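These notes are about the structure you will find just below.
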Amino acid sequence: MKFDTPAGQNPIDRLKVVGKPTDRIDGKYKTTGTAPYAYERHDAAPDAAYGYVLGAGISKGRVRRIDTAAARRAPGVLAVVTTLEHPRLERGMMNAAYLFGGDEIQHYHQAIAVVVAETFEQARAAAFLVKVAYAPVAGKFDLAAEAKGAKPVPGDSGEGSGGNGEERVGDFEGAFAKAPVQFDETYSTADESHAMMEPHATVAAWDGDRVTLWTSNQMIAWGHESLAKILGVPKEKVRLDAPYVGGGFGGKLFVRADAVLAALGARAAKRPVKVALTRPLVMNNTTHRPATIQRVRIGATKDGTITAIAHESTSGNLPDGDPETAVNQTKLLYAGANRLTAMKLAHLDLPEGNAMRAPGEAPGLMVLEVAMDEMAEKLGMDPVEFRIRNDTQVDPSDPKKPFSHRDLVGCLKLGAEKFGWAKRNPKPGQVRDGQWLVGIGMAAAFRNNMVMKSGARVRLGRDGVVTVETDMTDIGTGSYTIIAQTAAEMTGVTLDRVVVCLGDSNYPVSSGSGGQFGGNSSTAGVYAACVKLREAVAQKLGFNATDAMFEDGQVRAGNRAVPLAQAAAEGELVAEDTIEFGDVSKEQQQSTFGAHFVEVGVDVDTAEVRVRRMLAVCAAGRILNPKSARSQVIGGMVMGTGAALMEELAVDTRRGFFVNHDLAGYEVPVHADIPHQEVIFLDEVDPMSSPMKAKGVGELGICGVGAAVANAVYNATGIRVRDYPLTLDKLLDRMPEAA
Amino acid sequence: MKSFTYERPGTPAEAAAAVARTPDAKFIAGGTNLLDLMKLQIETPTHLVDVNGLGLDRIEATAEGGLRIGALVRNTDLAADPRVRKDYGVLSRALLAGASGQLRNKATTAGNLLQRTRCPYFYDTAQACNKRQPGSGCAALDGVSRQLAVIGGSEACIATHPGDMAVAMRVLDATVETVDAKGTERKIAIADFHRLPGDKPEVDTTLRPGELITAVTLPKPLGGKQVYRKVRDRASYAFALVSVAAVVQPDGSGRVAFGGVAHKPWRSEEAEAALARGAKPVTDRAFSGAKPTHENAFKLKLAERTLNAALTQARA
């Protein structure tokens, strides 16, 4: 199905199943431990041996020698595969660093060997017996030091934000120089780890020259193609299966060492092999969100109208890596005739920087939305009012291009009302509650809505059960549930008559999960397949497809009603289709919007910052399932709070690695850290987005929330910190004298 | 994890003897720290002597009016004991500020005293660490050191004792009771139990090889307001950046010990004599001679302000 005109009335609009806060259909399996994750696929690959990955102990240089003799003799060891036994293997899609093969070390904990043994403990113990001789060379590990030599580069997060090294509209410098009120500050954000619950894990099994990988991956089709290339096996002979994924946040968009080394280990051991990356390897072997240094300049008239805005960002990466696209929301979020955005990239020899939940926008809005708060204060304006004043209904660089639907102002106003913004004391450092200095802050949220081609197959069984098959993944987001809701709505059956099968590369290729494009795109693909199924059913039952109503397990037209199952009485009906998005999705700018409001307390003595309550108001098209969408948004809010207050991969700039590489050292906020969160969705539909009229919401929640936290800290203390995370040591020197 | 042998002796002296006669043997109780370290091959005992069956799990009144806490009393049970809650509030509060519910259910009194540092370089076997591998150097000195010691460190090591419980025990002047292979009992003042790293950072305590902790005794109650204030980046679960254990008497005098700042709980009896005059005179004295890194210099100010918070709380 080609989506090239705005969606008209369709069966989804009935909202009998779609749009309801249905419980997750996979929830009962996950909460009872009966949803097998990749490492637990004993059902599919019994008798798997265990692979333990050894990471390089240097950050840059060469491996001179690997002595595996003692490891091979160790109890239970079946095979040892070292990087020196292989030529440098091809990279998969979007990989900047090489995953395995050859003697070059590009970053710390790059995989150099896998030890396969009968038990995990034996494999790990044997891995400690592997002796490695290195020839290290000096590397570059300090972004601040390398920033001066950084070059402008284009970049695309692959997840909806991208641009050229430098983009200009009008004359920024001229307009900024003339602006009656000017603002110019520089900020920095830290390297961050995805820190998903389930580490990267794979079980691999060979059957002759065919290999199956039960793995944890967000993008099955990308992984499929990449593994075929890396392993040098025709694509038809590679199968991936990932029905359950325990979180990804972008860290599992691409194939990583677990999959490659499970396959190589299994080939060497002639047995299925399972590999999970240890937490230190998740942090230093895989990818992370790169640190940035960002400068924002805003020029405005005294009434708060922005006349010039510039946002420049510098990040670092390995030679083939991309920049963090932190400036791109600034092209679209606020009006202003004169604009400059620029991205620079420095060469660093740290582990690979790559996509993490809302790449670009998460660190970009952390900075832009603090700058907006600072500028509002400079103008003597209310921060909410300042944003409303500079709203735009068109792409500021292309005024002929309107937003498909944009209600940022609605989010700001409703959020302000519900949160009690009017009670905020605009003068910072004034509100005290016992030991706490209390402040509230806000920020706008913005994230582009991407649409991706997505396919599905739908089967109507003799028993009337509708089965959906698509390689879409559910990474904890609720894909199973919204896909089931879509199929139920389209075929007129109840949810318990729908079976959803996901994550298998034998199924039709879907959008996959990333860039908040999965929910809308994959359900649109299911919609397309269901339209075809409805046609087949109508034909079988002698209905005119356009007249037939699919309701209550029946197909009806006029006075005639036939049970749906009857269409499959002679055999299962199968329909397959792919939604493809035509120019309609490019003619108008599709984005999602929100407003975050946060209240914090800052301990008057110790400067510990504790979040007290949070509210997000989101405008993201039709919400397919308010319950799972809310979970996505509050998860994003938690993650953004982490970025604002505590998450930082600490770089040892001499030795070149992330030092705090476990969950004791890399702290993320948990339930006990955030007592109260609320999410409101504006009731809207966007017919430009897809037949579902939905947009992405999985990343909107993290966008801007960190800035709202930082702005609240400023309101509480009067201390502006521009180096994130905003840990207490950065406040302490400027805290008021202890009472 | 390296293969190891395992035994469960019948008495404390037998346990001590078992460790004394086996090279590279270790006691295991809750295992909440030791097992992690064994998995990472930071600890590589060849023989484990399980002391869980020795019955050292009671809390009893002493003739001196104090409490004798068995070595195997779990952190959860110790924190919840009514006598501890009533008379040694600082200890109960320190315990509850540490770790998580699950860990406290398993962790023991003696094991808590013996937990090893959380310096990240200690945990990464590819990095130089004199505590893990004597003579290899200290990567933390010019590395990431925000969490590490500001005082009492050496050129060989700037690790901290990461615990909370020991800080409260230090302010209470607890005594560690031990037994050795010959059955000889010994009492070690808590002040002398943990050592500074000096040129032997691999040695955390003054225990002799094979010496087994049987109990920790607390002197008779000190009265006063008892506060434990732990400062951390995350409210839910984290090691202390700085912590303060304070016992403050109605006249403003009292005692104070600091955690998260040194290789041992940090207390200066001289410094605390100034407690009635407020936080600054105490921390100025207690931290004179501090040698922070540029990453952790904030801990000095934080210690002062945390003590101030503790004093405010005590006077409330």
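Hydrogens, waters and symmetry mates are skipped; everything else that's a heavy atom, side chains included, is used. The model shown is predicted, which means the values in this text are computed figures rather than measured ones. Letters A, B, ... mirror the listed sequences (proteins, then strands); counts begin at 1.
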Heavy-atom distance under 4.5 Å to chain A: side chain of [X], backbone, both or neither?
X: B/Leu311; result: neither
X: B/Leu241; result: side chain
X: B/Asp142; result: both

Side chain / backbone / both / neither for [X] at chain B, heavy atoms under 4.5 Å:
X: A/Leu663; value: backbone
X: A/Glu667; value: both
X: A/Val651; value: backbone
X: A/Gln435; value: side chain

request  = Say whether, by atom type as modelled, one donor and one acceptor occur between the side chain of B/Asn130 and the main chain of B/Ser136 under 3.5 angstrom.
outcome  =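 Checking the backbone N and O of B/Ser136 against the side chain of B/Asn130, a donor-acceptor pair under 3.5 Å is found.
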task = Look only at the side chain of B/Arg255 and the backbone of B/Glu272, and say whether a donor-acceptor pair between them is shorter than 3.5 Å.
result =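 Checked: no pair found.
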Among [options], who wins on heavy-atom pairs under 4.5 Å with chain A?
options: B/Ser236, B/Ala126, B/Ala297; result: B/Ser236
options: B/Ala139, B/Ala316, B/Gly143, B/Ala279; result: B/Ala139
options: B/Gln147, B/Lys299, B/Arg229, B/Arg118; result: B/Arg229
options: B/Ser3, B/Pro120, B/Ala235; result: B/Ala235
options: B/Gln313, B/Met1, B/Glu304, B/Lys2; result: B/Met1

query = Using 4.0 Å as the upper bound for N to carboxylate O, is an ion pair formed by A/Arg655 and B/Asp124?
reply = no
query = Going by an N to O cut-off under 4.0 Å, is there a salt bridge joining B/Glu43 and B/Arg116?
reply =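 Salt bridge: yes.
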message = Please rank A/His671, A/Arg124, A/His109, A/Gln122 by heavy-atom pairs under 4.5 Å with chain B and give me the top one.
response = A/Arg124
ask   = Looking at B/Phe258 versus B/Phe287, is the centre-to-centre ring distance below 6.0 Å?
value =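 So the answer is yes for these two rings.
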inquiry  = Does the plane of the ring in A/Tyr108 sit parallel, tilted or perpendicular to the ring in A/His661? Use 30° and 60° as the thresholds.
reply    = parallel
ask   = Near A/Lys730 NZ, under 6.0 Å, is it more than 12 heavy atoms from other residues, nucleotides or ligands?
value = yes
key: Side-chain H-bond candidate by donor/acceptor type, B/Glu295 with B/Thr293, under 3.5 Å   = no
Residue that, paired with B/Asn75, satisfies side chain to side chain donor-acceptor pair (under 3.5 Å) out of B/Thr108, B/Asn112, B/Asp164 = B/Asn112
